Protein chains: 4
Amino acid sequence: MLERVDASFRRRKQARPRELLEAALALFVEKGFAAARAEDIAARAGVSKATLYLYFRSKEDLLKALIAERFASGMDIAATHDTSDAMASQDLLRDVLTAWQSTLMQCHAGGIFKLILTEVRNFPALADFWTREVIEPARRLVSGIVVRGIDRGEFRSVDPDLVVHALVLPIIVMCLHRDAMRPASVPDSSLLNAPDIFGRHFEFVLEGLIDRPLQCRGCCR
Amino acid sequence: MLERVDASFRRRKQARPRELLEAALALFVEKGFAAARAEDIAARAGVSKATLYLYFRSKEDLLKALIAERFASGMDIAATHDTSDAMASQDLLRDVLTAWQSTLMQCHAGGIFKLILTEVRNFPALADFWTREVIEPARRLVSGIVVRGIDRGEFRSVDPDLVVHALVLPIIVMCLHRDAMRPASVPDSSLLNAPDIFGRHFEFVLEGLIDRPLQCRGCCR
Amino acid sequence: MLERVDASFRRRKQARPRELLEAALALFVEKGFAAARAEDIAARAGVSKATLYLYFRSKEDLLKALIAERFASGMDIAATHDTSDAMASQDLLRDVLTAWQSTLMQCHAGGIFKLILTEVRNFPALADFWTREVIEPARRLVSGIVVRGIDRGEFRSVDPDLVVHALVLPIIVMCLHRDAMRPASVPDSSLLNAPDIFGRHFEFVLEGLIDRPLQCRGCCR
Amino acid sequence: MLERVDASFRRRKQARPRELLEAALALFVEKGFAAARAEDIAARAGVSKATLYLYFRSKEDLLKALIAERFASGMDIAATHDTSDAMASQDLLRDVLTAWQSTLMQCHAGGIFKLILTEVRNFPALADFWTREVIEPARRLVSGIVVRGIDRGEFRSVDPDLVVHALVLPIIVMCLHRDAMRPASVPDSSLLNAPDIFGRHFEFVLEGLIDRPLQCRGCCR
DNA sequence: AATGAATGAGGGTTCATTCAT
DNA sequence: AATGAATGAACCCTCATTCAT
């Protein structure tokens, strides 16, 4: 019976930390850590300032909890990727990166990237997070597909890191641009707002990557 | 002797605003706008806190002055570029971008990029600056060379913006990485610390760009 | 079984106020009224913070209840004293004061004395308590024995209050020293830590008090 | 000339720490450390709360500074004491203690004693202060005179510490009583408010101390 | 009766900004 | 022009107290 009575109350209590972290993330991203007020975070989570301190010992703690528990989710590149042997490496690569880019855009990863850039000096754990949860997984996955492509004779033999570089870094800038710059009045004519810019960028990079015996322009004749 | 003293004094006085802006830039970049203390900026410029307010009406004013007067210098991509017709477009492109990348690295443009990302919401002028002084000049210049290359039959016929995308965005991330992340303990094995990463990245992108009748891989034999 | 449970529960409930007062006393003594946290008091009494407020309307109320109900017990000088006529006044005095001093030491009266000193300004009732329950009873009792001694020709004829002064005040300091200072690192060589300091002090004062025809130091020879 | 212009300003600045310490002492004594508000301390010193923090890094620092710099002055028992050989030890002792008692009363040492008792748990330095600046100097001085008196045949041969005990501890209680209790409504009939109580107490203790061959009551005859 | 959750009010501390010299 | 001193306005955080179950 106690359970019944408490249900909604308990559910609330269970949800509090998550709600607070959500609110904190939003405000940290919006204003930066220093300028985000504890009271505003609490208000955004629908509680009073003091309640925030029931769940987190300090504003710093909030950020640390964000780093530890919440950042990772939602920007996992390896989440879903088809490894069927039948698939061409270039399609695999396209699928993975398109999905990741889409995920990052949807979860407003740019805000998080910005926060990491801004606060990494005060919270070195952010550097770890950045490396461990963003750069390296992406590198590992993309490299793997590139190596697979090279092994299968689909790709030219290139340093896989160069492909990572050419495909992943632009995604990061696009995220930053969207979540940090776009709210400000950036003209739509901007380079980064072009329609399907990532898709076309991907195909362009692919051009330099694929081994294409069939597309010989008759040079040897 | 009085004149001498006055002279240096005057020179000092003339230099004050510049010195203060310099100090402000350093601290804004290091700690962010909100966390940079007016007192520290003044101290770094070698004057008292009150003196800062003789030259700038507020901390915000400092940033606005920075945006208006100081950001542009030092990251101008068009500063020096050879337009001799004799030069191959790929060499031209390589020279320009290598020089720019080098300039950006040297003037710690990453810090400024970070500042722009962080404060653009509070200072919309930063968005203008970003577009007008960074993205568009680079786009214009690179596009121009690409078009020249296509016109001269050196490059494949591609959307020039894609080349901008593939070459410029990674440079931005590299700057951010260097000036915002590197001070934190990022492992040297990091993707972005690889030796001559930009040079190799450039060559990789170039591969997909050049029209290569001479570089046939022997496909027709 | 239900009865059993209820019984102990009831007993618990009956005991709650006492347990809370006990806990409050301990923490008020340890940290002072202002610095003692309601939550810590409740925790020490084994209940939740909210429960404390079922029994006492405020933290102040706790102290008032302490003053009213609990301080008096345990430091009553008149508790047990032998009034047999056969006893020499000096022995009577020694017995009474030694017993009292011992009682005070055991019940950590020094902490209470400290609390009285600290909070008397905010709780004037503490001054009443101090006078009515500590000073005056001791004064009455000691004075009475001194008068008895004088009447019986055992003591010199002195103002009884002077004896009270000489014997009671040092006891108070000793209590304060023990319960307020000793936990801090006071060197054992301290004046107040000497072995049997009270006993020896008593005998010293007694020397000046007794009429001693039998203890002539041979001055007339 | 600069000195002239600044004179009053500078004097103010020089005086600030002293004024703040004075105010802090008053409020710490009146309300205890925890309950004394920084704002009230500043207001009492005639400055704003923020100004307090120009001179002291925290409220704790204020107390530490008080301990280190201000407590000692004003309660120095050894300040002025005549060591002329011509003086009788009992007169020397009376003079010294009367002067000390008077000094302590005037500088409201009782408040400081109370503060020490209250805060010694949080500021162990207070225990050092108490021992080093109050108890031991008094002990040393009184002991010295007692030994001198014994050596010169003026006093009975007693443990000097007992005399310290009998004379110094009551002074401490009197101070505490006056500065901590008296503001509260303690009846004037109180033991400790008797006229010249210390003088009479001293004479009483002296009775038990002096060697008096001339005052033989004829016991040996 | 008991308590986990919540909060209003308030205190300590900082800092951008102004004042007096 | 320059600055040491001063401060009002926040902001972070705590805690006595109340609410909802």
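Convention: sequence-line order gives letters A, B, ...; per-chain numbering from 1. Please read all numbers here as calculations on a predicted model, not as lab measurements. These numbers come from the heavy atoms of this one structure, side chains and all, not from hydrogens, waters or symmetry mates.
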remark   = Side-chain contact check for C:A50: nearest option of E:dG4, E:dT17, F:dC12 is E:dG4
query = E:dG11, F:dC13, F:dT3: which one has an atom nearest the side-chain heavy atoms of D:R37?
reply = E:dG11
remark   = Contacts of B:T51 and C:E39 projected onto DNA chain F by closest heavy atom; the upstream (5') one is B:T51
ask   = What is the distance, rounded to the nearest whole Å, between atom CG of D:L52 and atom P of E:dT14?
value = 11 Å
message = Just the rounded figure in Å: distance from C1' of F:dA16 to OH of C:Y55.
response = 19 Å
inquiry  = Go nucleotide by nucleotide along DNA chain F from the 5' end; which of A:K59 and C:K49 gets its closest nucleotide reached first?
reply    = A:K59
Under 3.5 Å on both distances, the Watson-Crick or G-U partner of F:dT18 = E:dA5
ask   = If only side-chain N and O atoms of A:R57 are considered, is one of them under 4.0 Å from the OP1 or OP2 phosphate oxygen of F:dT14?
value = no
inquiry  = From C-beta outward on A:A38, which listed nucleotide comes closest to its side chain: F:dC12, E:dT17, F:dA16?
reply    = F:dC12
task = Starting from P on E:dT13, measure out to CD1 on D:I41 and report it in whole angstrom.
result = 10 Å
task = Would you kindly compare C:L54 and B:A35 by the position of their nearest DNA chain E nucleotide and give the one closer to the 5′ end?
result = C:L54
inquiry  = I need the CG-P distance between D:D40 and E:dT13, as an integer number of Å.
reply    = 14 Å
task = For D:A42, report the nucleic acid contact type (base, sugar-phosphate, nothing); a contact means any heavy atom under 4.0 Å.
result = nothing
remark   = 5'-most contact on DNA chain E (nearest-nucleotide basis), B:E60 vs C:S48, goes to C:S48
query = OP1 or OP2 of E:dT13 sitting under 4.0 Å from any side-chain N/O of D:Y53?
reply = yes
ask   = Think C:K59 forms a cation-pi with C:F33, using NZ or CZ under 6.0 Å from the six-ring centre and within 45 degrees of its axis?
value = yes
